[in-house]
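A quick write-up on the structure given underneath.
Proteins get letters first, then strands, A, B, ... in listed order; numbering begins at 1 in each.
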Protein chains: 2
Amino acid sequence: MKESYKELSALLANTGIRTSYQRIRVLEYLMSHLCHPTADQIYCSLHDRMPALSKSTVYNTLNSFIEAGLVKVVAIENNESRYDIRVKAHGHFKCEACGAIYDFGADIDNIEVKDLDGFQISDKHLYFKGICPRCLDNG
Amino acid sequence: MKESYKELSALLANTGIRTSYQRIRVLEYLMSHLCHPTADQIYCSLHDRMPALSKSTVYNTLNSFIEAGLVKVVAIENNESRYDIRVKAHGHFKCEACGAIYDFGADIDNIEVKDLDGFQISDKHLYFKGICPRCLDNG
DNA sequence: GTTCCTGCAAAAGCTTTGCAGAAGA
DNA sequence: TCTTCTGCAAAGCTTTTGCAGGAAC
C-alpha cells in the first residue's frame with residue numbers, strides 16, 4: 001500500500017484529475033486509511049506535515065475524487081460525511097457506542113428487490129447499526 | 001389514514017410521549033406524507049395553519065419520535081435528514097435528477113452477510129441511487 | 001500563456017441549545 | 001403543583017463559495 005508519487009499521479013491522470021501535491025497526499029491518506037475518515041480527520045492528519053493546507057482544499061479534493069468515481073461517500077449518519085476509497089461493494093456497520101465504522105461482506109449487487117422496474121440504479125449502499133463486539137465486552 | 005386526535009394521542013401515550021398539539025400535528029403529517037419529508041418541509045407545511053410553530057419544536061418533536069422508535073431517519077444524503085414513519089423494512093431509492101425518494105421492496109432482514117459474528121445489529125438501511133423512470137423519460 | 005487549483009475568509013445550511021413563559025399530567 | 005414542552009434567538013458544525021495569487025499543463 002506504499003504507492004509512489006508517480007504511481008498515484010498516474011492514477012489521478014487516468015481519471016482525468018490534474019496532479020497536485022495536495023491531491024496526492026489526500027489520495028495517499030485514503031489508500032492507507034481504509035477506516036472511512038471524515039474530512040476533518042484527513043485535514044488534521046495532513047495538516048501536521050502541511051501547515052499551509054486548508055480545509056476547503058480537502059473538501060474540494062474529495063469532491064473531485066467523488067465526481068471521478070475514485071471515492072464513495074459513506075452517509076451512514078447525517079451530520080458527518082465519511083470517505084471510502086475501496087471499490088468492491090461491501091456493507092458498513094456503525095457502532096453506536098464507540099462510533100467506529102466496520103466493513104462487512106455482503107453481496108449488495110444481488111439483493112432481490114421489487115418495485116424498481118424502469119429505474120436506472122447507479123449506486124447501492126447497505127448500512128447497519130448496532131453495537132460492536134468490543135463495546136459489548138466492555139459494556 | 002385520517003386518525004382522530006384521540007387515536008394519535010393514544011399512540012403517543014403508548015410510547016411514553018406526552019401529548020401536545022404540535023406533536024399530534026407532526027405525527028399526523030408523517031402518517032399522511034409517507035414521502036420522507038425533511039424537517040423543513042414538515043415545518044413549512046404545518047406553519048401555514050400554525051403560524052406560531054417554531055422549527056426547533058419540529059426538530060425536538062422528531063427527535064423524541066426517533067428516540068421512542070416511532071420514526072426512522074433516512075440518511076441517504078449527508079446534508080438533509082428525512083423522516084419516515086413506516087415500520088416495515090424497505091429500501092430507499094433517491095433519484096439524483098429530481099431528488100425524489102422512492103420506497104422499494106427488499107428483504108433487508110435476510111441479506112446474507114459475512115464478518116459480523118458477535119455484532120449486535122439494531123438497525124438496517126438499504127439505499128440506492130440513480131435516475132427514476134420519470135426523469136429518464138423527460139431526459 | 002491558459003487553465004485550473006489553492007488558501008483564506010466569509011457565507012450558507014441544517015441542527016442543537018439556553019432560557020423564560022406556557023401547557024400538560 | 002410539578003414537570004415537561006414551546007418558541008425565540010443565538011450558537012455550533014459541516015460544507016460550500018468568491019476571489020486573488022500560484023501552480024500545472
### Task
Any pair with a residue in residues 38-47 of chain B that passes salt bridge (Lys or Arg N to Asp or Glu O under 4.0 Å), sequence neighbours left out, goes on the list, sorted by first then second residue, please.
B:D40-B:K55
### Message
What is the separation between atom CG on A:N79 and atom C1' on C:dA12, rounded to the nearest whole Å?
### Response
17 Å
### Angle by which the axis turns from one end of the helix from C:dG1-D:dC25 to C:dA25-D:dT1 to the other, five pairs per end, to 10 degrees
40°
### Query
Between A:H125 and A:H92, is the gap from one ring center to the other below 6.0 Å?
no
### Query
What do the steps show when you test A:V26 against A:L46 for side chain to side chain contact (heavy atoms under 4.5 Å, CB included), and what is the final call?
CA-CA 8 Å; A:V26 171; A:L46 294 181; 3.7 Å; yes
### Contacts of B:K94 that satisfy salt bridge (Lys or Arg N to Asp or Glu O under 4.0 Å) - sequence neighbours left out
B:E77, B:E80
### Message
Short of 4.0 Å, heavy atom to strand atom, which residues of residues 45-63 of chain B count as contacting DNA chain D?
### Response
B:A52, B:L53, B:S54, B:S56, B:T57
#### Entry: Residues forming a side chain to side chain contact (heavy atoms under 4.5 Å, CB included) with B:H33, sequence neighbours excluded
B:Y29, B:C35
### Query
Tell me, which pairs form a ring pair (Phe, Tyr, Trp, His ring centres under 6.0 Å) where one or both residues lie in residues 46-70 of chain B, sequence neighbours left out?
B:Y43-B:H47
### Reported CZ-to-OG distance for the pair B:R18 and B:S64, which is rounded to 0.5 angstrom
12.5 Å
### Task
Could you check whether B:S81 gets within reach of a base, just the sugar-phosphate, or nothing at all, counting any heavy atom under 4.0 Å?
sugar-phosphate
### Query
Listed by chain and number, what are the salt bridge (Lys or Arg N to Asp or Glu O under 4.0 Å) partners of A:D115, not counting sequence neighbours?
none
### A:N110-A:D107 side chain donor-acceptor pair, cut-off 3.5 Å
yes
### Query
Which residues within residues 18-27 of chain B lie with some heavy atom under 4.0 Å of an atom in DNA chain C?
B:R18, B:T19
### Query
Can you tell if the side chain of A:S81 reaches within under 4.5 Å of the side chain of A:T38, non-hydrogen atoms only?
no
### Task
Not counting sequence neighbours, which residues clear salt bridge (Lys or Arg N to Asp or Glu O under 4.0 Å) with B:D123? List them please.
B:K72
### B:E67 CD to C:dT16 C1', straight-line distance once rounded to whole Å
14 Å
### Query
Mind checking who shares a hydrophobic cluster with B:I121, ILVMFWY linked at side-chain heavy-atom distances under 4.5 Å?
A:F93, A:Y102, A:F104, A:I108, A:I111, A:V113, A:L116, A:F119, A:I121, A:L126, A:F128, B:F93, B:Y102, B:F104, B:I108, B:I111, B:V113, B:L116, B:F119, B:L126, B:F128
### Message
Taking any atom closer than 4.0 angstrom to a non-hydrogen atom of chain A, what span of DNA chain D does the protein reach, first nucleotide to last?
### Response
D:dT14 to D:dC25
### Message
Which residues pass the side chain to side chain contact (heavy atoms under 4.5 Å, CB included) test with B:T57, not counting sequence neighbours?
### Response
B:Q22, B:L53, B:S54, B:T61
